[in-house]
2 protein chains.
Amino acid sequence: MNEPVAPGRVGDVRRRNLSLVLDSIARTPDAKPSRAQLSAATGLTKAAVSSLVADLVESGLVSEVGLYRDGERGRPGVGLELSTRRGVVGMEINVDYLSAGLLDLGGTLRIHRTLESGNRGQSPESVMSLLAGLVSDVAAEASAAGIMLLGGGLAVPGLVDSAAGTVATAPNLHWHGVALQLDRLLPDAPFGTVLHNEANCAALAELWYGHGLDFRDYLFISGEVGVGGGLVIGSELFAGPRGQAGEVGHMVVEPSGPDCSCGGHGCLESFAGQEAIFAEAGIAPGAASERLARLGEHLASGDPAALTAVARAGHYVGIAAASTARLMNLSAVVLGGHFTQMGPWIAPAVVESLADYAPGVVSPARVAVSELGQSAALLGAAGIALRSVLASPFSLTTSG
Amino acid sequence: MNEPVAPGRVGDVRRRNLSLVLDSIARTPDAKPSRAQLSAATGLTKAAVSSLVADLVESGLVSEVGLYRDGERGRPGVGLELSTRRGVVGMEINVDYLSAGLLDLGGTLRIHRTLESGNRGQSPESVMSLLAGLVSDVAAEASAAGIMLLGGGLAVPGLVDSAAGTVATAPNLHWHGVALQLDRLLPDAPFGTVLHNEANCAALAELWYGHGLDFRDYLFISGEVGVGGGLVIGSELFAGPRGQAGEVGHMVVEPSGPDCSCGGHGCLESFAGQEAIFAEAGIAPGAASERLARLGEHLASGDPAALTAVARAGHYVGIAAASTARLMNLSAVVLGGHFTQMGPWIAPAVVESLADYAPGVVSPARVAVSELGQSAALLGAAGIALRSVLASPFSLTTSG
DNA sequence: CTATTTAGTTTTCAACCTGAACTATATTGT
DNA sequence: ACAATATAGTTCAGGTTGAAAACTAAATAG
């Protein structure tokens, strides 16, 4: 009950306004706004904006980029943009690969390296060592390009405790209750590295770089080995009480359904997880990516077993989405992960199921398939880091 | 995307700290803290607390209550408490009755009046007139007791838009898209009257005056004519994108289930709504309260039809709760509304169902039955108003 | 080349918290 | 009784901050 609410101090005002100005610059990536425009956009006086911008320029987060001349009368303003000489690193540990990438403050992915690596069952230490090597390559390249790294985000396919930097459970990696040495990855970055759930990262990537531009509230459902998800409410990720919300894979969609590895019955994952779809479609065992490709071929050639398998998965995804939409008053659904490859076949089944179980709640036009590729989680993790920098620029300021 | 984030001004600091101090006083209802204790609790200096308290006392929200002598050495502090001479009004429009009550700032329900009234199908204007009469009685009593009314909250069984003060749809009242004249109810109260959903109000009452003292995160499921609900996350109501989250009644719990009035199939309401339970239990038609009483008798006497009907409702409530708990990472469930009367029979079924479909997520000890009576929604509505006063005391201050 | 318009800076001022010194009022020990 | 001590609360100087308004800077229009 007794949350330690910090007292408001005079300095808080500046902290907030620094972030407000920085955010205003970030929201207009093309315009390169002048101080005067920022003053109008934020409601702060020109004097205040000047003072705040001076701090931001000094800290290196913002650059002046020549005159902003638009043919109008009067003195031209000086264009401002987020510095492209500051960046954050997005990282991903997945079952089959590791990856790391550099996102500059402007939101451009400047570097992206992937390393094939079978991580299932490997020790966290050895995987982290591999990742640290990959990251140091990226860091070296960034350094060569004159880009200073401020922080990073790491996406892991499992339930995580971001605050503690621990992985509670990552079934597909066979990790349980491991504390990751996040400090190793970016030892010099002032904001450090923060751990996040992979599906949540992908949901956020979708928000910032995908369909989030159209939808403010949606359920993101990501097919992987399991079925993960993320809830975006008001253009923000809903993380839940312990940061582990969005686990749509174990919603009950068929009370009389088969037993699930979680101990329950009739979970969505039993119908829409990779193994379930492959089995139903008659795809022989093998590497996941290869089986997925074969499923795609079967679908394209109209194979009935594949078509029914995917339609069944879509049907149950629709049921889970219908319940979620009703419960949380959501109006859109975005499909990601392996569902993207089945997009043309699974989306109609989801639409039909939604129309059947929750008519009028999610219109067909608001069932979308992600267009971000395999980099979604990495982009999301980097984006989280980027936004945490933009949210608290004060610490980089001389007085911070 | 472009949320109008207000710039931070110097005065915001005081606004926040006024609320912080007021909140600190509210959190210690028994202790009647001194300024020095508040200083320690909030982290503000004694000087700042003194200045803030002076404003709060002047505005009438806080009273000094004699010396705080605890046998220790040193000058005794002056006890502070939320004024019992300021209050808010909770109001409820339901199918069978209207009610209004006065909650003082200390959180004590001082007055509570109920008026039997068949409101189903009545015009909003006539119902509001009846309610306004009831409220003016309460206001007169408050005035006689020297209590100044600051604001009010009105609970209505339907989907509402609180900001606009409109009822989107209240099926059981037969209201659709009506704008309520909330200003009529408490014309002199500086904070006005705010409209809320009944189930959400009940969920909040549970939070503030019921099991919320034990649980920080839970799903509240309220059986009424329909099945409503409320999601409490981190001791706060999760309202959703348009303030209409928590509609657990239309989650899909049985894909092959019967058609529902919402247009879907297999909704929870089809199994756990009043009509469904009465029909299954073989309770003849009649007034709702009377049928509920008869159901209670049948249950107590061990009537098999009644027992299976309630067990079946509990089974499906458990499925919906399991899905919700998984999706949102919740760990507790509170049953309210008509489920309270069936508590001893329905709770075990819910527990069993949860253990079956989401083992280890919600422990049996965390399935609770509400102990608040019919006044839950009213208490919640009043509590919302009370908290909005405590959150923005600045407007009552001389400088506000 | 002056008037006008827009950008950005400087100056003055008020709000408000901190920190330290100070006053007020109690208990304890002799 | 009375000094010592401890705790509560107030007063006042100091520093940070943004608002408001005056001012400087730099462009275009005629």
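The chains referred to below are lettered A, B, ... by the order of the sequence lines, with proteins before strands, and numbering in each begins at 1. Side chains included, hydrogens not; waters and symmetry mates left out as well; all remaining heavy atoms used.
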Using atom [atom1] of [X] as one end and atom [atom2] of [N] as the other, report the distance to the nearest whole Å.
{"X": "A:Phe394", "N": "D:dT16", "atom1": "CZ", "atom2": "C1'", "result": "10 Å"}
{"X": "B:Arg9", "N": "D:dA20", "atom1": "CZ", "atom2": "C1'", "result": "12 Å"}
{"X": "B:Gln37", "N": "D:dG9", "atom1": "CD", "atom2": "C1'", "result": "13 Å"}
{"X": "A:Leu44", "N": "C:dG8", "atom1": "CG", "atom2": "P", "result": "15 Å"}
{"X": "A:Arg15", "N": "C:dC17", "atom1": "CZ", "atom2": "P", "result": "15 Å"}
{"X": "A:Asp12", "N": "D:dT16", "atom1": "CG", "atom2": "P", "result": "15 Å"}
{"X": "B:Leu80", "N": "D:dA8", "atom1": "CG", "atom2": "P", "result": "12 Å"}
{"X": "B:Leu18", "N": "C:dA15", "atom1": "CG", "atom2": "P", "result": "14 Å"}

Report yes if the side chains of [X] and [Y] come closer than 4.5 Å at any heavy-atom pair, otherwise no.
{"X": "B:Leu52", "Y": "B:Leu44", "result": "yes"}
{"X": "B:Asp183", "Y": "B:Gln181", "result": "no"}
{"X": "B:Asp188", "Y": "B:Leu149", "result": "no"}
{"X": "A:Val21", "Y": "A:Val62", "result": "no"}

Side chain of [X], heavy atoms from C-beta onward: which of [options] has the nearest atom to it?
{"X": "A:Ala47", "options": "D:dA20, D:dT10, C:dG19", "result": "D:dA20"}
{"X": "A:Arg73", "options": "D:dT10, C:dT27, C:dT4", "result": "C:dT4"}
{"X": "B:Val78", "options": "C:dC17, C:dG8, D:dG9", "result": "D:dG9"}
{"X": "B:Arg14", "options": "C:dC16, C:dT18, D:dG18", "result": "C:dC16"}

Checklist entry - Hey, does B:Val10 reach any base, or is it just sugar-phosphate, or nothing, if we go heavy atoms under 4.0 Å? => result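 Base, at least one base atom sits under 4.0 Å.
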Next on the checklist: Using a heavy-atom cut-off of 4.0 Å across all strands, would you classify B:Ser34 as base, sugar-phosphate, or nothing?
Outcome noted: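 Here B:Ser34 touches the backbone only, sparing every base.
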Item to check | Residue pairs passing the salt bridge (Lys or Arg N to Asp or Glu O under 4.0 Å) test where at least one lies in residues 73-90 of chain A, sequence neighbours excluded | outcome: A:Lys32-A:Glu81
Item to check | Pairing residues for B:Phe215 by the ring pair (Phe, Tyr, Trp, His ring centres under 6.0 Å) criterion, not counting sequence neighbours | outcome: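 Once residues adjacent in sequence are excluded, B:Phe215 has no partner under the ring pair (Phe, Tyr, Trp, His ring centres under 6.0 Å) criterion.
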Checklist entry - Have B:Thr84 and B:Arg110 got a donor and an acceptor in their side chains that come within less than 3.5 Å? => result no
Checklist outcome for this item: Between A:Ala36 and B:Val13, the residue closer to the 5' end of DNA chain C by nearest nucleotide is A:Ala36
Item to check | Closest-nucleotide ordering on DNA chain C, the 5'-leading residue of A:Ser50 and A:Pro7 | outcome: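 Going by which nucleotide is closer to the 5' end, it is A:Ser50.
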Checklist entry - Below 4.0 angstrom from OP1 or OP2 of D:dG18, is there any side-chain N or O of A:Asn17? => result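 For D:dG18, OP1 or OP2 has a side-chain N or O of A:Asn17 closer than 4.0 Å.
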Review item, nucleotides 21-25 of chain C N/O atoms under 3.5 Å of protein N/O:
from	atom 1	to	atom 2	distance (Å)
C:dA24	O4'	B:Arg75	NH1	3.4
C:dA24	N3	B:Arg75	NH1	3.4
C:dT25	O2	B:Arg75	N	3.1

